Structure formats: structure tokens, C-alpha cells
Amino acid sequence: MEMRAPRGTQDILPGTSEKWQYVEKQLTDICRRYNYKEIRTPIFEHTELFQRGVGDSTDIVQKEMYTFEDRGGRSITLRPEGTASTVRSFVQNKLFGLPNQPTKLFYIGPMFRYERPQQGRLRQFVQFGIEALGSDDPSVDAEVMALAMNAYEELGLRSLKLVLNSLGDKQSREDHKKALVQHFSPHKEELCADCQVRLDQNPLRVLDCKKDKDHPAMATAPSILDYLNETSQKYYEKVKAHLDAMGIAYEIDPNLVRGLDYYNHTAFEIMSEAEGFGAITTLSGGGRYNGLVEDIGGPETSGIGFAMSIERLLMALEAEGIELPIEESLDCYIVALGEQAEKEAVRLSYLLRQAGVQVDKDYLQRKMKGQFKAADRLNAKYVVVLGEREIEQDAVSIKDMKSGEQIELPLDQIINFLHEKLAGGNE
Ligand code: HAM
């Protein structure tokens, strides 16, 4: 049997992993500027956390979780998203008791969902997400969306659309739910099997159905925006006013409901409008989840956040033809000829690496020409040549590959020389 990675997973190989490193560094830097601190939580949790946190009626909990019993007979689930785990950790570690509130956190890590793989949809994917816990000020909602847009734009994306909705508070949602049930009930038999269940359990999710999206009752469904009570309406207006003040454009979509149960008030998604991006156009999504911390056993705390997958971000960069500024080069390649020179090359590469210089050498006993070719392939800036003559004279030849200029130096000066030459470019 040929061993292959499981369906819906991917290997990230050199050549691509540099892009991941670059993007992760940029995202981390954005978080620094917005003052979000990193949290790392376990990749698996008790299944109950997601049942309670993400919601029993969601597709994620019903169909998509990687759940197994461990050897101790506990039900364990590979995390399908980062919010429930972050909130669990916030409660468990009593972060709500720290003096600096709100608690602003970010994470980057793998998530697992048993979905049908297609372009932009994997079974293991990496989410970058942020969560702000402990403030229900509308400026936090605006900040979360600003950070998300800022991240995409700084990486070069232009064809972006921020789609916004308000799901209102509990009372608004209850009123809207009643209206939805009344509206869809006469059509119940015409809806898909999932929606028939949703109509009883969580009617809001009917609006999100891919199968029934063209049913005539969809177009005339009651809009949540008509059911927002005064508090929810005021909240929504303030969030929009902050976005307006920052000059962040958005589109309102009263049918945007999101696939997770914990949302209220602000819900948003960022879509790619790039041609050739693929069938799934959502780059990221998030929203407010006041009440989730209590559901997970903590004190009354409001929260909001969002998450994006790095895979979809990279797809969007490719669709927009954006090259990340990744330089693939090597500071120095050591060409060594003869046994003595080879010994010296091992010692010298050790010393240079300790001094901060990026060094590679030949390991395949190639001839001089082959070693120079390897240096070229690795895009070496300098080639240090150690031959018999150089060894005899305690010297090295060093070639600047860009200018072609070659000089000889006493062996003990090479570290200082390279260090100085490279300092500008390597800082
Ligand atoms: P979500 O909409 O389920 O929300 O996922 C957020 C993002 O994760 C999506 O927009 C997409 O970029 C990425 N994603 C989801 N599933 C896949 C997949 N199978 N393959 C590739 N990428 C995927 C959440 O997970 C919420 N926890 C977001 C949030 C944080 N809300 C508040 N705080």
C-alpha cells in the first residue's frame, strides 16, 4: 500500500513553508500593535466543551468533529475551532481576575473538521484567530474587524468585502425566531431534512442553508434587522459608526447568520472577490458571543472575536497574484577541495554559524564545478574557497557572487569580513 497523507490534509514543504512563516510573523506583529497576546491551548479537549460551546445543533458538532474515546474511556475531540478552547482556558485560569481587562488573546494553530474536502476546505487547517473577553463596548467589535481587514490589506489583498449583520440580543433573537417559525412552517415539507430539524431547534440556521437557498420563502423571510430591540439597534449603530470613522467599508447582509450557535449582536464575514478564488469565498468570520463564558462555567463576561484560515489567506494571495517578499538566499557557501580543506570547512562553518552567518557546504564529495553549481542553486551571496593552496597559506579565497569580485583573506579574518559585509542585509 502506498502511504499517503489522509484526505483533506496537506504537507507544507520548503518553498511554501517560508510563506507560512512570513504570514504568521506579519499576523503576530499586527497582534502586537493591537495589543493581543498569544494563547496556546491543547489540540484536543473534552468533547463536552464543543457540545456546549459551539452548540449541539451546529453542523460542526453534529457531523464534523473528530471524536474518539481515549484509553481512559473519556470522550475526546480534536478542536474544530479556537473560541471554545480559549474561553475554557479563560475560565479555568481565571484570566477574568487579572487587572488588565478586557483580556485580548490571539492564537495560530491547527483545527480539525470532518468536512468534504474541496479547494479551501480541508480536514486539518490552521486558524489564526483573536478573542477579546470582558468588554461589551462597541469599539471592541470595530477593533476586531479593523484588525482582520488590516491584516489582509497589509499582506497586499485588495479584493475584499466586509459583510456585517447584527443578530441582536436574546430578546430580539427570540422575537425573530418566532417570526421565522411562523414564516417557514407552511413550507416545512418543502425544506430539506436538515432544515426541518433546524426549524424546531434553531430556525435562524435555515437562512444559512445551501440546499434551500433558492426556495421562494427565503427571499421573503423576516429580517433580523426588523426585530432588533432598542438596545440592540443602538449597539449596532455604534459599531457601524466606529467602522465609518475608521473609513472601513462594509456591506450589510441581514441573512448572514454564521454556522456557530454562540453569536449575538455583531456577526461578520470577510469575503474574497478575487477572480478565480474558488467556490468558497469566505476568508474569515467572527462575531460577538456574550453568554458563552457563562455557558462554559465562568462569570458573566462578554466576548467577541474572529478567525481566518491561513490556507484561504494564501489562496487569496495567489488569486490576486501577490508575491510575498520572501528572499531565498544563502549568506555563504563553502567550497572545499581535498581532505585537509574538508576538515577546515567543517570547523569554519561551525564558527561562522556561531557568529550568526548562514552557511552551507558540500556533503556529497562533489568536484569544484559541482560545488559552485550547488552554491548557485542555493543563491549564495558569498562563496568561500578552501583548496590545498589556501590551506597551506592559512588563507581563503572569497568570491562575491553578485559582483564576481574575488579576494584572498587570512583565514582568521573571514568571520569579521563576512559579518561586516552581511550586516546590512541581514539585520
Ligand atoms: P468559522 O466561520 O467556523 O468560525 O471559521 C472561521 C474561518 O476558519 C473560516 O472563515 C475559514 O477561513 C476557516 N475555516 C473553517 N473551516 C475550514 C476548513 N474546513 N478548511 C479551511 N479553512 C476553514 C470559527 O471557527 C469561529 N471560532 C470564529 C470566531 C472566533 N468567532 C468568534 N471568535
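One-based numbering, in listed order, for ligands and for the atoms of each. Computed from a predicted model, the values in this text were never measured in an experiment.
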Can you report which non-hydrogen protein atom sits closest to [atom], along with the distance?
atom                    : value
atom 7 (C) of ligand 1  : Ala307 O, 3.4 Å
atom 11 (C) of ligand 1 : Arg312 NH1, 3.4 Å
atom 13 (C) of ligand 1 : Ser309 CB, 3.5 Å

Which option out of [options] puts a heavy atom nearest to [atom]?
atom                    : options                        : value
atom 31 (N) of ligand 1 : Tyr263, Tyr289, Phe268         : Tyr263
atom 24 (C) of ligand 1 : Glu311, Arg121, Gln127         : Gln127
atom 33 (N) of ligand 1 : Glu131, Glu81, Met315          : Glu131
atom 16 (N) of ligand 1 : Tyr107, Phe112, Tyr114, Phe125 : Phe125
atom 19 (N) of ligand 1 : Arg258, Gln119, Arg113, Glu115 : Glu115

Could you list which atoms of ligand 1 come closer than 4.0 Å to a heavy atom of [X]?
X      : value
Tyr262 : 26 (C), 27 (N), 31 (N)
Met308 : 12 (O)
Thr83  : 26 (C), 27 (N), 29 (C), 30 (C), 31 (N), 32 (C), 33 (N)
Ser284 : 10 (O)
Leu122 : 18 (C), 19 (N), 20 (N), 21 (C)
Gly286 : 31 (N)
Gly120 : 20 (N), 21 (C), 22 (N)

[X], [atom1] atom: more than 12 neighbouring heavy atoms under 6.0 Å:
X      : atom1 : answer
Glu294 : CD    : yes
Gln354 : CD    : yes
Met368 : CE    : no
Arg33  : CZ    : yes
Arg353 : CZ    : yes
Tyr34  : OH    : yes

Please indicate whether any nitrogen or oxygen in [X] is less than 3.5 Å from any nitrogen or oxygen in ligand 1.
X      : value
Ile60  : no
Phe306 : yes
Ile304 : no

Over 60° means perpendicular and under 30° means parallel, so tell me whether [X] and [Y] are parallel, tilted or perpendicular.
X      : Y      : value
Phe306 : Phe128 : perpendicular
Tyr289 : Tyr262 : perpendicular
His265 : Tyr235 : tilted

**Asked** What are the two closest non-hydrogen atoms of Asp400 and Lys402, and how far apart are they?
**Response**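 Smallest interatomic distance, heavy atoms only, reads OD1-N, 2.9 Å.
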**Asked** Under 3.5 Å, is there a donor-acceptor pair between the Thr266 and Asp141 side chains?
**Response** yes
**Item:** Donor-acceptor side-chain pairing of Gln51 and Asp56 below 3.5 angstrom
**Value:**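 There is no such pair between these side chains.
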**Prompt:** So is Gly129 in contact with ligand 1, going by heavy-atom distances below 4.0 Å?
**Reply:**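 No heavy atom of Gly129 comes that close to ligand 1.
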